[in-house]
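Below is one structure; the comments refer to it alone.
Letters A, B, ... are given to chains in the order of the sequence lines, protein chains preceding strands, and every chain is numbered from 1.
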Number of protein chains: 2
Amino acid sequence: MPPARRSRTASPSSASGQTDLPALHLTRFLPYRLSVLANTVSHTLAKLYEKRFGITIPEWRIIAVLGGGETMSAGEIAQRTAMDKVQVSRAISRMLDSALILRESGDTDRRKALLTLTPKALAIYAEIVPMALTYEEEVTDALSIDERAQLDTLLSKLQARADQLAARPAPAGAQAEPAGE
Amino acid sequence: MPPARRSRTASPSSASGQTDLPALHLTRFLPYRLSVLANTVSHTLAKLYEKRFGITIPEWRIIAVLGGGETMSAGEIAQRTAMDKVQVSRAISRMLDSALILRESGDTDRRKALLTLTPKALAIYAEIVPMALTYEEEVTDALSIDERAQLDTLLSKLQARADQLAARPAPAGAQAEPAGE
DNA sequence: CCATTTTAGTTTCGTTTGAAACTGTTGCAA
DNA sequence: TTGCAACAGTTTCAAACGAAACTAAAATGG
């Protein structure tokens with residue numbers, strides 16, 4: 001099956017007199033497809049562990065990176081989970097409330113708090129990891145071995161490129177307000 | 001480069017006495033990777049049209065499906081954009097405020113409102129589509145022709161499977177509360 | 001040293017979201 | 001017909017979010 005490149009020249013099917021502009025079909029538009037897929041997957045998984053353990057995605061991510069028993073600072077967690085520090089801060093305070101995490105002020109640098117999972121959280125980790133991996137397998141079961149390798153490659157390449165484009169400063173001369181029609 | 005299947009048996013690197021459970025590295029975990037990638041892409045793109053036209057993602061999606069000049073109901077928009085009806089309802093009311101959309105009560109069924117883009121919105125469509133397609137191309141430029149075809153296939157397969165798993169009723173006997181650990 | 005800047009993390013504020021309740025309309029059935 | 005279930009869309013309310021302001025503790029450097 002060829003990729004069916006979207007036609008750049010066909011006008012929208014309506015007979016309106018609009019200029020002959022490239023059509024865009026949401027269902028073939030990569031950002032849309034990624035968004036829908038990621039949403040479906042995350043949502044399904046989140047419901048699984050919300051139901052079972054009462055934790056949210058940010059909390060799960062923190063458990064995931066600390067699950068080895070390591071200790072690290074909030075900033076380091078933020079980096080490793082790709083969440084921003086506000087999100088991490090909030091998740092941590094929830095986890096303190098539910099006794100999932102332990103915070104001790106750093107000795108040498110009292111700005112950095114050292115965070116460690118409690119045994120309760122480690123127990124959750126032990127249960128949740130197999131669940132998560134099982135779900136991941138169920139999804140990737142839709143693919144052949146080759147395709148899984150392809151997926152790995154593609155996601156890496158796309159992420160690298162997306163990061164690069166995100167870092168690029170916004171094209172100048174684009175403002176919303178003074179759009180004098 | 002082989003896909004480097006995650007080791008199922010190696011214990012976490014820490015020397016703690018935890019049971020020997022499968023490790024999970026977030027950076028190799030599909031739901032996480034999808035979520036981060038989709039987020040990066042959507043965010044970058046959203047900033048682009050937020051800056052240029054002052055519209056949000058839901059609004060952009062509505063413009064995208066109505067861009068051909070067609071008329072449809074809110075429910076149909078919801079289906080086609082994979083947004084839920086609340087989101088659609090809110091986006092529409094914003095678009096009514098900014099004169100991007102036109103709503104007329106259906107004649108035969110007064111529950112269904114017929115929605116059409118205004119010329120102002122069609123003008124935005126004409127400008128935004130090339131921007132969106134350009135961005136998409138910039139991202140997919142990271143891939144070879146073959147890889148683009150692969151991506152198309154993979155996303156379709158994964159979405160189909162994810163939908164299937166999402167529809168499946170939650171596994172019974174999983175409750176958060178009575179975790180008498 | 002003291003003043004300034006940088007870093008780590010938290011708080012605040014306004015917005016966005018999602019689930020559930022609600023309003024109005026139509027279709028169906030006694 | 002009226003009475004009730006199903007449907008289309010909106011509103012409400014509480015939780016979640018992001019940006020920016022803020023606090024506190026190091027690092028820098030005159």
Between atom [atom1] in [X] and atom [atom2] in [N], what is the gap in whole Å?
{"X": "B/R61", "N": "C/dT17", "atom1": "CZ", "atom2": "P", "value": "11 Å"}
{"X": "B/E104", "N": "D/dG9", "atom1": "CD", "atom2": "C1'", "value": "17 Å"}
{"X": "B/Q79", "N": "D/dG9", "atom1": "CD", "atom2": "P", "value": "11 Å"}
{"X": "A/D97", "N": "D/dA15", "atom1": "CG", "atom2": "P", "value": "13 Å"}
{"X": "A/D109", "N": "C/dT7", "atom1": "CG", "atom2": "C1'", "value": "8 Å"}
{"X": "B/R103", "N": "D/dA8", "atom1": "CZ", "atom2": "P", "value": "16 Å"}
{"X": "B/M72", "N": "D/dA8", "atom1": "CE", "atom2": "P", "value": "15 Å"}
{"X": "B/I92", "N": "D/dA8", "atom1": "CD1", "atom2": "C1'", "value": "11 Å"}

Q. Taking NZ, NE, NH1 and NH2 as the nitrogens, is one of them in A/R148 or A/D141 under 4.0 Å from a carboxylate oxygen of the other?
A. yes
- Query: Is B/R52 salt-bridged to B/E127, cutoff N-O under 4.0 Å?
  - Reply: yes
Could you check whether [X] gets within reach of a base, just the sugar-phosphate, or nothing at all, counting any heavy atom under 4.0 Å?
{"X": "A/S93", "result": "nothing"}
{"X": "A/K85", "result": "base"}
{"X": "B/S73", "result": "sugar-phosphate"}

Quiz question: by atom type and distance under 3.5 Å, do the side chains of B/Q159 and B/D163 form a donor-acceptor pair?
yes
Among D/dG18, C/dG18, D/dA25, the one nearest any side-chain atom of A/R111 is D/dA25
Within the pair [X] and [N], is there a side-chain N or O less than 4.0 Å away from OP1 or OP2?
{"X": "A/R94", "N": "C/dT10", "result": "no"}
{"X": "A/R110", "N": "D/dA27", "result": "no"}
{"X": "B/S89", "N": "D/dG9", "result": "no"}

Contacts of B/Q87 and A/R90 projected onto DNA chain C by closest heavy atom; the upstream (5') one is A/R90
Judged by nearest nucleotide, the residue sitting upstream toward the 5' end of DNA chain D, A/T108 or B/K112, is B/K112
Before giving the answer on side-chain hydrogen bond (donor to acceptor under 3.5 Å, both in side chains), spell out for B/E50 and B/T56 the whole-Å C-alpha distance, their side-chain angles and the decisive distance to 0.1 Å. CA-CA 6 Å; B/E50 207 291 322; B/T56 63; over 6 Å; no
Quiz prompt | Ring geometry between B/F29 and A/W60 (parallel below 30°, tilted from 30 to 60°, perpendicular above 60°) | solution = perpendicular
